[in-house]
Amino acid sequence: MATVIIKRLAKSPFVLITVLVTLAALSFTPRFPFKSFSNSLQQQVQRLFTAEELALYNGTDDTLPILLGILGSVFDVTKGKSHYGVGGGYHHFSGRDASRAFVSGNFTGDGLTDSLRGLSSTEVKSIVEWREFYFRSYTFVGKLVGRYYDSEGNPTKSLKGVEAKAARGTQLLEKQKKEEAKQPSCNSRWSQGEGGEVWCDDGFPRLVQRPLEIALTGKMSKRCACFKEDQLSETGLEVYEGCDYLSKTCRV
């Protein structure tokens with residue numbers, strides 16, 4: 001049977017050539033197998049930096065890429081050289097992990113640190129969101145050994161704590177939004193010439209404490225909400241200074 005097939009193939013040079021090319025391709029062993037390439041890529045992505053090594057990539061050496069760290073993740077931001085290079089508005093982030101400065105706005109001295117001690121849930125949540133921005137917008141190149149990753153590149157308790165606090169902040173914000181949706185907010189406007197005012201289309205404006213604000217921001221704050229007349233005797237409602245008890249519009 002095999003002899004018959006070979007004879008038929010021999011009569012069709014085009015088919016015979018196709019078969020030979022296919023067999024040659026199947027028998028060829030790639031010089032760089034996919035598995036090895038994948039492992040090499042993984043090792044490259046998992047590159048570990050010390051703080052001293054990361055400092056070399058601060059944009060002052062044109063032969064090196066510009067790197068920055070946030071929560072221990074290191075990104076190549078060279079394509080944003082106009083911002084992260086020398087003289088750029090974000091140059092203070094280059095060559096270091098200055099996670100705290102992303103929300104504190106302190107870009108000098110002790111402000112350029114990766115410590116988030118004392119920050120609120122919403123502030124920590126904001127820093128985690130900044131990290132996600134860099135994952136989306138720039139190339140992740142490795143991890144910084146220290147506060148957030150150990151010498152083997154594993155997340156530390158500090159990183160897990162930060163991510164848990166950020167998740168808690170997200171939950172509290174959602175809860176606060178649902179609670180505040182039960183009591184409609186006031187309308188408001190402000191102009192430099194006339195100042196500000198708040199008003200209610202249905203109800204009366206009152207200042208009320210945000211119950212979850214301490215957990216979220218570490219501070220107490222108030223918002224303006226509209227209450228029906230039969231609700232005005234509830235505790236915790238504050239009339240705006242200089243505003244009549246049953247006025248629907250108040251100057252602020």
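One is the number of the first residue; the rest follow in order along the sequence. Computed from a predicted model, the values in this text were never measured in an experiment.
Across all non-hydrogen atoms, the minimal contact from L64 to L56 is CD1-O, 3.6 Å. Across all non-hydrogen atoms, the minimal contact from V198 to S188 is CG1-CB, 3.9 Å. Annotation for D76 and P65: closest pair OD2-CB, 3.7 Å, computed over non-hydrogen atoms. Across all non-hydrogen atoms, the minimal contact from L48 to S151 is CD1-O, 3.1 Å. Contact detail for C250 and P205: the closest heavy-atom pair is SG-CG, 3.6 Å.
T78 places a side-chain N or O within donor-acceptor distance of the main-chain N or O of I66, the cut-off being under 3.5 Å. Looking only at distances, a side-chain donor or acceptor of R251 sits under 3.5 Å from a matching main-chain atom of E194. A side-chain donor-acceptor contact under 3.5 Å links K165 to the backbone of L119.
Here the CH2 atom belonging to W130 is positioned 12.0 Å from the OG atom belonging to S99, to the nearest 0.5 angstrom. If you take CD1 on I127 and CZ on F102, they are separated by 8.5 Å, rounding to the nearest 0.5 Å. In this structure, CG on L71 lies 5.5 Å from OH on Y148, to the nearest 0.5 angstrom.
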Donor-acceptor pairs under 3.5 Å, side chain of residues 79-89 to any protein atom, not counting sequence neighbours: which ones?
unit_1 : atom_1 : unit_2 : atom_2 : d
K79    : NZ     : S137   : O      : 2.6
Y84    : OH     : Y134   : OH     : 2.7

Let me check something: any side-chain donor-acceptor pairs from residues 233-248 under 3.5 Å, sequence neighbours excluded? List them with distances.
unit_1 : atom_1 : unit_2 : atom_2 : d
E238   : OE1    : K222   : NZ     : 2.5
S247   : OG     : T249   : N      : 3.2
S247   : OG     : T249   : O      : 2.6

* Candidate pair D202 and K228, rule salt bridge (Lys or Arg N to Asp or Glu O under 4.0 Å), full reasoning -> CA-CA 8 Å; D202 184 17; K228 304 286 187 180; 2.4 Å; yes

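Counted by atom type alone, E129 and S126 present zero donor-acceptor pairs between their side chains at under 3.5 Å. Between the side chains of S120 and T122, at least one donor N or O sits under 3.5 Å from an acceptor N or O. No hydrogens or angles considered: a donor-acceptor pair under 3.5 Å links the side chains of R223 and S185. No side-chain N or O of N154 forms a donor-acceptor pair with one of T156 less than 3.5 Å apart.
Here disulfide (SG to SG under 2.5 Å) pairs that include residues 136-194, with residues two or more places apart or in two chains, are C186-C224.
A salt bridge is defined here as a Lys NZ or Arg NE, NH1 or NH2 lying under 4.0 Å from an Asp or Glu carboxylate O, and D97 with R147 fails to meet this definition. Contact check on K175 versus E180 returns no salt bridge, with no Lys/Arg side-chain nitrogen under 4.0 Å from an Asp/Glu carboxylate oxygen.
Note: H92 and F107 have parallel aromatic rings, judged against thresholds of 30 and 60 degrees for the angle between ring planes.
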